[in-house]
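Before any comments, here is the structure.
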There are 2 protein chains.
Amino acid sequence: MREYKEVFLKYLCSEGMKMTRTREAILDAVFVTHSHFDVEDLYQQLRRSKKLVSRATIYRTLPYLLEAGLIRRSMCSDHKEEYEHIYGHPNHLHLLCVSCGKILEQADNELEQVLLRIASQHGFTLDDYVVSLKGHCADCRNKSNKDNDKGER
Amino acid sequence: MREYKEVFLKYLCSEGMKMTRTREAILDAVFVTHSHFDVEDLYQQLRRSKKLVSRATIYRTLPYLLEAGLIRRSMCSDHKEEYEHIYGHPNHLHLLCVSCGKILEQADNELEQVLLRIASQHGFTLDDYVVSLKGHCADCRNKSNKDNDKGER
DNA sequence: ATGGTTGCAAAGGCTTTGCAAACAT
DNA sequence: ATGTTTGCAAAGCCTTTGCAACCAT
């Protein structure tokens, strides 16, 4: 519970920086979100909770959260930096349907074992990973089959 | 050999578009590159081969190459769209050393099997995947150990 | 001839930054 | 009191777009 605040505080101290209301609010906004978010999402989330924080400050704070190991970059989306928080959000993979844009998240043990093996084969530690699969989900495949029946495109 | 030109031509036709010198030059520039590239890389590559193509046109062309299945988006780099070409460049994973920035590429069969299983478990086809592992390479671990011996930071 | 394509320069969107005021300790 | 942090607005960067000239067929 709120363990992430400790982590951030420790990080800030170690860098000679201070914990402020603003940073605390941003941190909370990050952990309210349960999936991917970008700067705009946080900005809106903060407005909703009546904590007015400028976008500039959010931009300035996210790299610290990244450094502190509290968030990580998420899938590359078009042209925006997306993040996701890490606590209670173990490493996982994303399944993206390129047709409808749906995203599933999933953790998989066997996958993790394989990645560990690969990393250590190359003398690497495995600190983090991003696995994104792209394909077509069942729904979209069905839909497009129906469309084809009616005469393609 | 040059098979990619066929592929692109076919794609262009199917969309009512034309093959032009400019597009051919961009395609060549893409396949000259052996690793990741962004728009600026292509632009410089084209200048070097005395084919002056505007950045705007490169920006306009890359989505077509993507659509045609000739390139794919690469690792999320800071703030730029990176691509890599696909021919002779099978799906693979990236190992990134977060300390020195070194990137290894590697194909792995077992990994691919696991990803296929996961996709189909969710009813997805597996059209493409991106696997990025982040960690510290052996060199950097050694270096940082030495640094520590001399008195940490 | 005709419709797609290109380069240019302008516009757009997201991100960064200089600076003075506000804040934490 | 002192150094850090913030918001604002301006600047910066990468990317997109309108348009007139150009090219492919």
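So you know, we letter chains A, B, ... as the sequences are listed, proteins then strands, and number each from 1.
For T57(B), counting side-chain heavy atoms from C-beta on, the closest listed nucleotide (dT16(C), dA24(C), dT6(C)) is dT6(C). Which of dG4(C), dT6(C), dG7(D) sits closest to the side chain of K18(B) comes down to dG4(C).
Of the side-chain N and O atoms in T20(B), none sit less than 4.0 angstrom from OP1 or OP2 of dG4(C). Side-chain N/O atoms of R21(A) include none lying less than 4.0 angstrom from OP1 or OP2 on dT6(D). Contact annotation: S54(B) side-chain N/O to dT6(C) OP1/OP2 distance is not under 4.0 Å.
The pair K5(B)-D28(B) meets the salt-bridge criterion, since a charged nitrogen lies less than 4.0 angstrom from a carboxylate oxygen. With respect to K134(A) and D127(B), no salt bridge is recorded, no charged nitrogen being found less than 4.0 Å from a carboxylate O.
Going from atom CG of L62(B) over to atom C1' of dC14(D) covers 13 Å, rounded to whole Å. Regarding I58(A), its CD1 atom lies at a distance of 9 Å from the P atom of dG7(D), rounded to whole Å. The nearest whole Å value for the distance from the CE atom in M19(A) to the C1' atom in dT6(D) is 16 Å. Counting to the nearest Å, the P atom of dC14(D) and the CG atom of L42(B) are 15 Å from each other. Following rounding to the nearest Å, R23(B) (CZ) and dC22(D) (C1') show an atom-to-atom distance of 14 Å. Rounded to an integer number of Å, the gap from CG of L66(A) to P of dT15(C) is 13 Å. The separation between D38(A) atom CG and dT16(C) atom C1' is 17 Å, rounded to whole Å. Regarding I26(B), its CD1 atom lies at a distance of 11 Å from the C1' atom of dT5(C), rounded to whole Å.
With hydrogens and angles ignored, a donor-acceptor pair closer than 3.5 Å exists between the side chain of R60(A) and the base of dG7(D).
A centroid separation of less than 6.0 Å is found between the aromatic rings of H94(B) and H36(B).
Under the 3.5 Å distance criterion, with hydrogens and angles disregarded, a donor-acceptor pair is assigned to the side chains of Y129(B) and E112(B).
For the pair M17(B) and A56(B), both in contact range of DNA chain C, the more 5′-proximal nearest nucleotide belongs to M17(B). Ranked by how close their nearest DNA chain D nucleotide is to the 5' end, L52(A) and Y59(B) are led by L52(A). Residue order along DNA chain D, read from the 5' end via each residue's closest nucleotide, puts V53(A) first among P63(B) and V53(A).
Residue K51(A) places its NZ atom among 12 or fewer non-hydrogen atoms of other residues, nucleotides or ligands, all under 6.0 Å distant.
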